[in-house]
Undergrad: 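Sharing a structure here in C-alpha cells format.
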Amino acid sequence: MALEASLDIHPSVAAAPWRSPTAESPAVKWTLIGVALAFLGFFLVLPLVAVFVEAFRSGVGVYFEALVEPDAVAAIRLTLLVAAIAVPCNLVFGLAAAWAIAKFEFKGKNLLITLIDLPFSVSPVISGLVYVLLFGSQGFLGPWLARHGIEIVFAVPGIVLATIFVTFPFVARELIPLMQEQGSGDEEAAISLGASGWKTFWLVTLPNVRWALLYGVLLCNARAMGEYGAVSVVSGHIRGLTNTMPLHVEILYNEYSFSAAFAVASLLALLALVTLSIKSFLEWRHADGLKAVRGH
Amino acid sequence: MQISVRGLRKEFDRYPALHDVSLDIRSGELIALLGPSGSGKTTLLRLIAGLEFPTSGSIFFGSEDASRKSVQDRNVGFVFQHYALFKHMTVADNIGFGLKVRDRRTRPSAQEIRRRASDLLDLVQLPGLDNRYPSQLSGGQRQRVALARALAIEPQVLLLDEPFGALDAKVRKELRRWLRELHDRTGHTTVFVTHDQEEALELSDRVVVMSQGRIEQVGTPDEIYDRPATPFVFSFIGDSNELPVTIQDGSILLHERPLEIAGNAAPKGILSKGAPDGAGRLFLRPHDLDVVDAGEGAIAGVVSGVRRTAGARMLEVEVAGRDRLEIELPADDQRSFVGHVGLRPRKWQVFPA
C-alpha cells in the first residue's frame, strides 16, 4: 500500500516543468524583453530610420547635391581633419596614461584615474567655454596670443583642442582595466630575456592590448566626428571655415533646408553604424583580447 | 656560476621584506628557497634576477658585482609561476624571443633561431610543437616552454619562481623529477622558490629555509629534516609536536615533573642536550615516539583518539590534560590503546623559548 501511495505522488511532481532557480516565468520574461525592445525601437531605431527617410524625401538628386555643396564639403573636410588630429593625440595620451596607471605605483594615481573621466561628467558646453575663457580675446592668454598673431578660438586649433578634451577618456578607459588585469608579468619576462624597454613595448605590451586599443580608437573617432557641444562654443560657426558636420547640420536645419540637413546627418549616422559594426565584429572575433573591458 | 649574496636588504615602502640576508650558492648547485608566504623568498629570487633593486647589500655573480646591473645585462633565465608566455606568439617565437631581441651584431639568423628553438623543444620533450600557440598547450607543457625560453639565452643562472605552483599534483611530481634530470644534464646553477617542503627536500641539493625576511637555516635535505637549527624549521618542515617545558640542570620538566622514566631503565628519559636553563620548547616528530605501557614511558598521557591516514595510524595523546601529541604508528599495528599510556621518544630537540 505504501508503495502505491508513493507512486500516486509521482505524476504531480513530473507535471511541474523543471526550471532553473534563477529563471522567471515566461510571462515575466516576455514582458521584460517586450519593454526593452519597445524602448529601443522608439528611442533608437525610429529616429535612425527617420533620418534616412527625411534625407531621401526630396529625391536622390537633392540628397547628393546637399553633400557636394561647397560648405558641406568644407564641413566634411574639417571634421575629418579634426578627427585625424584628435584621435592620434588621444591614442598616445591614452596609452601613456593607461601604462602609467597599470604598471606603476605613484602618489595621486587615483586622482589621475578620476581626472581621466572628467570629460564624461562635465557638460561639453563647459568644456568649450573653458577654452574660450583661456584663449579668447578677453581670456587669460588671449592678449598674448593676439599680439603674436595666433588664432585659437573661432579657428581650427580651438576646435581641435575642444575635441581632444571631450574624447580623451575613450582610449585610456578601454586600456586601463585590461592592462591592470594583465599586470607586468609579460614585460618582466621580456626584459629578463634581454629585451630593451622599447622592444618590450613594441613586441609584448602593444600586441597584448591591440584589440582593446583599436576598440578605444573607434569609439574615440566616432565621438570626435560627432561632437557638437564643445565645438559649437569655440567654433564661431563661420561657414566654410570653422563649421564641422554636426554644426553644419544645425545651420541647415535652422534655415529650413530639411532635406540637406538630414542628408548630412545621414552621413554621420552612417559613420555611427559602421563604427558599431566594426565594434561588434571585434567583440565577436577577439573576445579574449577584450575580456577585461567587456563590462562597458 | 657561483652566486654570493652579501647583507642584502629590501624594503617596500619602509616595510622590510628582507633583512640583511647573506647566502652562498655554489656553481652548478640546485638550491631551493623554502618558506611560507611573506617569508621573503620570492623577493630574494627577484633581487638575484635584477627584477627588484636592493635597499642595501650586494650580489656577486662569480667575482663580479652584479648588484647595479640591469636585468638585461645579468643574463639570467627566469621562469615565472604563471609562465608569462607571450600569448600572441607561437611556441617557437616564444622560445626564440630572447635571441630575436638581441642587437644586430649578436643576433643569430632567423633560420638559426628557429633551429635553436626546435632543439630546445626536443630538450624539454615537446618536439614538434613549434607552431602551436600557448593557449593550445596544457599547464605542464606551458611551463616546459617557459623553461625552454629561459634556456634559449644560454643563461649563467636559472631562476624559477614557484615553477610548479599552478599545476595539479600529479603533473607537479612528474615535472619535479624531470627538472632534476634536466639540471643534472645541463648543469646550470639553479635557484627555485617553493612553499612546498616535499618539493624542496626531494628536488634540491641544498635547501634555504626562510621566515619573515630572514634565513633560518641552509643545509642539505637531511640536515634540514634531521637537525633543524631553529624551532621554526622544526615545525615548518615535516610534522611535529611541541611541548612547553622548563630546563633545569640538564633535565627537562613538563608541568614541574621531570620527563624521566620511572625506575632505572637504561635511557634516563629526555635530557636537555646542553640547552640553557629556563623556559624551553621540546619538539618531537610523530614517528619518533614509541607507545609503551603507562609508567614505562618518559611522558605519561591519556589516549584521546585514533585516526587512520593513508599509510599509518595516528594516535592522539593528551599530556597533563593540556597538550596534545600526535604519534604515528604503522597501519598494521594491531594493539588497541585506551586510557593511560607511556611515550618513549627516540629523538627529540629542545630549544630555549
Side-chain angles (χ1 to χ4, degrees), chain A residues 95 98-110 174-175 177-217 282-294, chain B residues 12-13 42 45-46 48-52 69-89 93-104 106-107 113 117 133-135 142 145-162 166:
Chain A
L95 252 178
W99 179 292
I101 286 165
K103 315 267 173 183
F104 303 118
E105 287 303 322
F106 54 91
K107 283 202 179 112
K109 187 160 141 172
N110 285 328
E174 292 305 322
L175 293 183
L178 181 67
M179 289 174 97
Q180 274 178 332
E181 189 197 68
Q182 288 177 344
S184 34
D186 282 12
E187 281 78 10
E188 284 184 342
I191 58 169
S192 80
L193 291 165
S196 62
W198 192 240
K199 275 186 173 152
T200 301
F201 176 77
W202 283 108
L203 298 173
V204 175
T205 309
L206 205 55
N208 271 345
V209 300
R210 59 192 160 173
W211 298 118
L213 186 66
L214 184 56
Y215 187 97
V217 164
L282 280 180
E283 278 170 350
W284 166 70
R285 184 72 185 74
H286 299 286
D288 291 346
L290 292 166
K291 211 184 289 164
V293 294
R294 226 192 259 152
Chain B
F12 292 108
D13 292 331
T42 297
L45 191 80
R46 290 171 62 87
I48 296 173
L51 291 170
E52 308 278 357
K69 276 190 172 181
S70 70
V71 200
Q72 288 96 332
D73 293 334
R74 289 194 197 190
N75 196 28
V76 293
F78 201 100
V79 176
F80 295 82
Q81 180 178 2
H82 297 290
Y83 330 122
L85 292 178
F86 308 129
K87 293 179 278 299
H88 58 283
M89 293 183 202
D93 287 341
N94 263 285
I95 298 175
F97 184 85
L99 301 171
K100 195 184 150 203
V101 296
R102 287 189 184 165
D103 58 32
R104 210 172 284 280
T106 51
R107 189 195 311 154
I113 292 177
Y133 281 88
S135 59
R142 285 181 209 181
V145 171
L147 191 64
R149 183 177 68 176
L151 289 171
I153 59 169
E154 293 169 346
Q156 312 185 54
V157 181
L158 197 55
L159 305 171
L160 305 103
D161 184 11
E162 304 248 7

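Within every chain, numbering begins at 1; the chains are lettered A, B, ... in the order of the sequence lines, protein sequences first and strands thereafter.
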Undergrad: Give the intermediate values and the outcome of side-chain contact (heavy atoms from CB on, under 4.5 Å) for residues A:Ile191 and B:Leu51.
TA: CA-CA 9 Å; A:Ile191 58 169; B:Leu51 291 170; 4.0 Å; yes

Undergrad: Which residue out of B:Met89, B:Arg46, B:Arg102 racks up the most heavy-atom pairs below 4.5 Å with chain A?
TA: B:Arg46

Undergrad: Where does B:Ala150 contact chain A at under 4.5 Å (heavy atoms): side chain, backbone, both or neither?
TA: backbone

Undergrad: By the definition side-chain contact (heavy atoms from CB on, under 4.5 Å), identify the one residue from B:His82, B:His88, B:Lys87 that meets it with A:Asp186.
TA: B:Lys87

Undergrad: Looking only at non-hydrogen atoms, find the nearest pair between B:Arg149 and A:Ala189 and report the distance.
TA: NH2-CB, 3.5 Å

Undergrad: Under 4.5 Å, counting heavy-atom pairs only, tell me which of A:Gly185, A:Gly183, A:Ser192, A:Ser196 racks up the most with chain B.
TA: A:Ser192

Undergrad: Tell me whether the count of non-hydrogen atoms from other residues, nucleotides or ligands lying under 6.0 Å of NZ in A:Lys199 goes above 12.
TA: yes

Undergrad: Could you walk me through whether A:Glu188 and B:Phe78 pass the side-chain contact (heavy atoms from CB on, under 4.5 Å) test, one step at a time?
TA: CA-CA 9 Å; A:Glu188 284 184 342; B:Phe78 201 100; over 6 Å; no

Undergrad: Run A:Leu203 and B:Lys100 through side-chain contact (heavy atoms from CB on, under 4.5 Å) and show every step you take.
TA: CA-CA 10 Å; A:Leu203 298 173; B:Lys100 195 184 150 203; 4.1 Å; yes

Undergrad: May I ask you to name which of B:Asn75, B:Ile153, B:Leu99 has the most heavy-atom pairs under 4.5 Å with chain A?
TA: B:Ile153

